[in-house]
Amino acid sequence: MSNTHQEAIKQFLSLMGNVDEKLNDTFQNMHHGYPTETLARFLKARDWDVQKAYKMLIDCLQWRIQNEIDNILSKPIIPADLYRAVRDSQLVGLSGYSKEGLPVIAIGVGLSTYDKASVNYYVQSHIQMNEYRDRVVLPAATQKYGKHISTCLKVLDMTGLKLSALNQIKLLTTISTIDDLNYPEKTETYYIVNAPYIFSACWKAVKPLLQERTKRKIQVLQGCGRDELLKVMDYSSLPHFCRKEGSGSSRNRSNGTIDNCFSLDHPYHQQLYNYIRHQANLIESGRPIKQGSVHVEFPEPDPEDTKIAKTIESEFQRLADQNGICNSLNGLKVSGD
């Protein structure tokens, strides 16, 4: 780390020494014994501008207090059937670890429908996975690999991406804004796999809008990306949709649900769900656990994120218009796919 960066951290630490007890408590719950590394993440996200990083962190801590994020892992989505419906329509899971010990998070972007529960449940589930990653998964990886691990890899499967995905752009922008503002610099690399034409067209339009820092993190791989990914992880950690060409995020399972890290029956989701149920029982001590979603305040999206969302929207619209012209020429009804 350069002298300039060390000086920035020193200034940031000094500013944090003056925050009130409530903010300090939630900061301790958030940094898990690594305050300097946490400050460095916020500084990176604000190009090492101390004042901007300080404001970002204070806003984050206030968001955590107002929305009781420190307690979110004691609020299960129940009954289990509802949680299964969330898992079946918000395809996310932990498939394993890289050779460096970084958790590999798999995301089925193209086949996630987000249509089985209210928006609040999807946001609650996403934040719970973030918090479980930070409080349980990363500390366990740190212990296992004998070095501080604070980031993960994400493998995004674009199989099945359709023009109808436009309906989910608002929810996806909300989730990505929550991540940008409150969990910055948690992803080392984003690997895009199984990308159809529609993704390639959008990527061309969106790429110039991204910050250099973000651009460097994104790698669009050929096909299912297996060969490239095997350079950074073992076969057993490959998400199921990367194991053979054309496999995609489908629910076809070669070895039952254990291979499909999106499934509620996968060990990761079982451990996560049991952990949340256990935390709830500790707090409720014998009383029935309350049903209902946690209502988290959605932060205002960054103007840059809004610009990106609008670009994707207009690109989708352009493709839909092309599709419409093409289909009408063939005398076919436009399905919106």
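These values consider heavy atoms only, across backbone and side chains, with no hydrogens, waters or symmetry-generated copies.
Rounded to the nearest 0.5 Å, atoms OG (Ser112) and CG (Leu91) are 3.5 Å apart. In this structure, the separation between CD1 on Ile276 and CG on Asn281 is 12.0 Å, given to the nearest 0.5 Å. For the atom pair NZ (Lys231) and NZ (Lys99), the distance works out to 10.0 Å, reported to the nearest 0.5 Å. Rounded to the nearest 0.5 angstrom, Leu43 CG and Glu185 CD are separated by 10.5 Å. If you take CG on Asn194 and CE on Met158, they are separated by 10.0 Å, rounding to the nearest 0.5 Å. Put simply, CD on Gln219 and CG on Leu153 are 9.5 Å apart, with the number rounded to the nearest 0.5 Å.
The closest side-chain heavy-atom distance from Trp203 to Ile218 is below 4.5 Å. Between Ile9 and Gln6, every side-chain heavy-atom pair lies at or beyond the 4.5 Å cut-off. Between Tyr83 and Leu272 the shortest side-chain heavy-atom distance falls below 4.5 Å. Side-chain contact check for Arg277 versus Pro76: some heavy-atom pair is nearer than 4.5 Å. Annotation: side chain of Ile192 is not in contact with side chain of Val155 (no heavy-atom distance under 4.5 Å). In this structure, Asp265 and Arg84 have side chains that are in contact, with non-hydrogen atoms separated by less than 4.5 Å. With contacts defined as side-chain heavy-atom distances shorter than 4.5 Å, the pair Ile58/Val19 qualifies. Side-chain contact between Cys242 and Tyr191 is absent, with no heavy atoms from C-beta onward closer than 4.5 Å.
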**OP:** For side chain to side chain donor-acceptor pair (under 3.5 Å), just list the numbers for Asp157 and Thr159, CA-CA rounded to whole Å, side-chain angles, deciding distance to a tenth of an Å, and then say yes or no.
**Re:** CA-CA 6 Å; Asp157 181 23; Thr159 300; 2.7 Å; yes
**OP:** Evaluate the salt bridge (Lys or Arg N to Asp or Glu O under 4.0 Å) criterion for residues Lys52 and Asp47: first the C-alpha distance (whole Å), next the side-chain angles of each, then the deciding distance (0.1 Å), finally the verdict.
**Re:** CA-CA 9 Å; Lys52 285 181 181 174; Asp47 296 319; over 6 Å; no
**OP:** Kindly indicate, with the supporting measurements, whether the criterion side-chain contact (heavy atoms from CB on, under 4.5 Å) is fulfilled by Asp88 and Lys116.
**Re:** CA-CA 8 Å; Asp88 283 347; Lys116 299 281 191 293; 5.7 Å; no
**OP:** Please report the C-alpha distance between Val50 and Leu15 in whole Å, then the side-chain angles of each, then the deciding distance to 0.1 Å, and finally whether the side-chain contact (heavy atoms from CB on, under 4.5 Å) criterion is met.
**Re:** CA-CA 9 Å; Val50 178; Leu15 288 170; 3.8 Å; yes
**OP:** Report the C-alpha separation of Thr4 and Glu7 in whole Å, then their side-chain angles, then the decisive distance to 0.1 Å, and conclude whether the side-chain contact (heavy atoms from CB on, under 4.5 Å) test is met.
**Re:** CA-CA 5 Å; Thr4 318; Glu7 184 53 39; 5.7 Å; no
**OP:** With side-chain contact (heavy atoms from CB on, under 4.5 Å) as the test, would you mind laying out the steps for His266 and Cys261 before giving the verdict?
**Re:** CA-CA 6 Å; His266 187 270; Cys261 65; 3.8 Å; yes
Subject >> side chain to side chain donor-acceptor pair (under 3.5 Å) between Glu188 and Thr151, worked out >> reply: CA-CA 6 Å; Glu188 200 78 22; Thr151 55; 2.8 Å; yes
**OP:** Could you go through the salt bridge (Lys or Arg N to Asp or Glu O under 4.0 Å) check for Asp59 and Lys55 one step at a time?
**Re:** CA-CA 6 Å; Asp59 288 348; Lys55 183 188 182 307; 2.6 Å; yes
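Here the closest non-hydrogen pair linking Met30 and Leu57 is CE-CD1, 3.7 Å. Taking both residues in full, the closest heavy atoms of Lys154 and Leu156 are given as CB-CD1, 3.8 Å, listed atom of the first, atom of the second, then distance. When all heavy atoms of Pro184 and Asp180 are compared, the pair lying nearest together is CB-O, 3.7 Å. Listed here is the closest heavy atom pair of Leu229 and Cys224: CD1-O, 4.3 Å. The two residues Ser237 and Val104 make their nearest non-hydrogen contact at O-CG1, 4.2 Å. Taking every heavy atom of both residues into account, Cys152 and Pro103 meet most closely at CB-O, 3.2 Å.
Of the possible polar contacts, none joining the Thr26 side chain to the Arg64 backbone as a donor-acceptor pair under 3.5 Å is found. A donor-acceptor pair under 3.5 Å links the side-chain atoms of Gln128 to the main chain of Ile72, judged by distance alone. In this structure a side-chain-to-backbone donor-acceptor pair under 3.5 Å is missing from Lys10 to His5. Between the side chain of Lys147 and the backbone N or O of Gly101, no donor-acceptor pair lies under 3.5 Å. Between the side chain of Ser125 and the main chain of Tyr121, no donor-acceptor pair closer than 3.5 Å is present. With hydrogens and angles disregarded, no donor-acceptor distance shorter than 3.5 Å links the side chain of Arg41 to the backbone of Lys186. The closest donor-acceptor contact from the side chain of Asn67 to the backbone of Ile69 lies at 3.5 Å or more, if one exists at all. Distance alone, capped at 3.5 Å, is enough to place a donor-acceptor pair between the Tyr273 side chain and the Ile77 backbone. Judged by distance alone, with hydrogens and angles left aside, the side-chain atoms of Arg226 form a donor-acceptor pair with the main-chain N or O of Arg243 at under 3.5 Å. Counting only distance, with no hydrogens or angles, the side chain of Thr187 and the backbone of Thr189 share no donor-acceptor pair below 3.5 Å.
Cation-pi check for Arg135 over Tyr132 is not met; the charged atom does not lie both under 6.0 angstrom from the ring centroid and within 45 degrees of its normal.
Residue-environment remark: CD (Gln143) stays at or below the threshold of 12 foreign heavy atoms within 6.0 Å. Around NZ of Lys215, the count of heavy atoms belonging to other residues, nucleotides or ligands within 6.0 Å exceeds 12. For NE2 of His278, the number of neighbouring non-hydrogen atoms (other residues, nucleotides, ligands) closer than 6.0 Å is 12 at most.
Taking the centre of each ring, His31 and Phe27 come in below the 6.0 Å mark. Between His269 and Phe262, the gap from one ring centroid to the other reaches at least 6.0 Å.
His126 and Asp179 form a side-chain donor-acceptor contact under 3.5 Å, judged by distance and modelled atom types alone. Inspection of the Tyr183 and Glu131 side chains reveals an N or O donor paired with an N or O acceptor under 3.5 Å. Looking at Tyr122 and Ser89, their side chains do bring a donor and an acceptor atom within 3.5 Å of each other.
In the hydrophobic clustering of ILVMFWY residues, with side-chain heavy atoms under 4.5 Å counting as a link, Leu23 and Tyr34 come out apart. No continuous path of hydrophobic side-chain contacts links Leu181 to Tyr54 [ILVMFWY only; heavy atoms under 4.5 Å]. Ile149 and Tyr268 fall within a single hydrophobic cluster, where Ile, Leu, Val, Met, Phe, Trp and Tyr are joined by side-chain heavy atoms under 4.5 Å apart, directly or via other members.
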